[in-house]
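So you know, we letter chains A, B, ... as the sequences are listed, proteins then strands, and number each from 1.
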Amino acid sequence: MSFTEKVLAVVKRIPKGQVLTYKEVARRAGSKRAYRAVGNILNRCGGMRSGIPCHRVVRSDGTVGGYAWGTKKKEKLLRKEKAIS
DNA sequence: AATGAGGCCCTAA
DNA sequence: ATTAGGGCCTCAT
């Protein structure tokens, strides 16, 4: 089981309406210092390509962070799920 | 409060 | 084995 798979599994388990930080995801995946890699991985996933809600992962600051399809799209999705203000 | 520079972890070439 | 890149995080101006 590679780190990527673990990360994807973690993100997949995020319930609707809830968001996790990259840091948290990295920590749950095993390497709490790998938040960078998490970003890279989610970027490759580029959305719900595998049923993985990458848009439910945000930055520690509370900002949405980045998104392969565009930050605006991510914000919109999160607002739809009431995950953010 | 808002930038700038550094650093660690992973994947792909 | 090494290099480059990334949706980041933190510390110090």
**Q.** Secondary structure string for DNA chain C (Watson-Crick or G-U under 3.5 angstrom, | for other-strand pairs)
**A.** .|||||.||||||
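Between A/S50 and A/L8, every side-chain heavy-atom pair lies at or beyond the 4.5 Å cut-off. Taking 4.5 Å as the limit, some side-chain heavy atom of A/Y67 sits within range of a side-chain heavy atom of A/L77. Side-chain contact between A/V64 and A/L78 is present, with at least one heavy-atom pair separated by less than 4.5 Å.
Here the side chain of A/K23 is nearest to one of C/dC9, C/dG6, B/dC9, namely C/dC9. Side chain of A/N40, nearest nucleotide from C/dG5, B/dA12, B/dC9: C/dG5. Listed nucleotides B/dA12, B/dC9, C/dC9 differ in distance to A/R44; the shortest reach to its side chain belongs to B/dA12.
No more than 12 heavy atoms of other residues, nucleotides or ligands lie within 6.0 Å of NZ in A/K23, so this atom counts as exposed by the packing criterion.
Contact annotation for A/V38: no contact, since no heavy-atom pair falls under 4.0 Å across all strands. Within the 4.0 angstrom heavy-atom criterion, base atoms lie near A/R36. Nucleic acid contact class of A/T71 (heavy atoms, under 4.0 Å, all strands): none. Using a 4.0 Å heavy-atom criterion, one finds that A/F3 contacts the sugar-phosphate atoms exclusively. Nucleic acid contact class of A/A34 (heavy atoms, under 4.0 Å, all strands): sugar-phosphate only.
Side chain of A/K74 to main chain of A/G66: a donor-acceptor pair is present (N/O by atom type, distance under 3.5 Å, no hydrogens or angles).
Spacing between atom CD1 of A/I41 and atom P of C/dC8 amounts to 14 Å, rounded to whole angstrom units. One interatomic measurement links the two molecules: CG of A/N43 to C1' of B/dC9, which rounds to 16 Å at whole-angstrom precision. Between A/K74 atom NZ and C/dC8 atom C1' the separation is 11 Å, expressed in whole Å. Rounded to whole Å, the distance from CG on A/L8 to C1' on B/dT11 is 12 Å. Atom OH of A/Y22 and atom P of B/dG7 are 23 Å apart (whole Å). The CG-P distance, from A/L20 to C/dC9, rounds to 12 Å in whole Å. Separating the CZ atom of A/R27 from the P atom of B/dC10 is a distance of 16 Å, rounded to the nearest angstrom. Atom CG in A/D61 sits about 9 Å away from atom C1' in C/dC8, given to the nearest Å.
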Q.
Assess the residue pair A/Y22 and A/S60 against the criterion (side chain to side chain contact (heavy atoms under 4.5 Å, CB included)); give the C-alpha distance rounded to whole Å, side-chain angles, the decisive distance to 0.1 Å, and a yes or no.
A. CA-CA 7 Å; A/Y22 291 96; A/S60 306; over 6 Å; no
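Nearer the 5' end of DNA chain C, as judged by each residue's closest nucleotide, is the contact made by A/A37, out of A/A37 and A/S60.
Checked by atom type, the side-chain pair A/H55/A/E81 shows a donor-acceptor distance below 3.5 Å.
Taking a cutoff of 4.0 Å between a charged side-chain nitrogen and a carboxylate oxygen, A/K72 and A/E75 do not qualify as a salt bridge.
Between A/S31 and B/dC10, a side-chain N or O to OP1/OP2 separation shorter than 4.0 Å is present.
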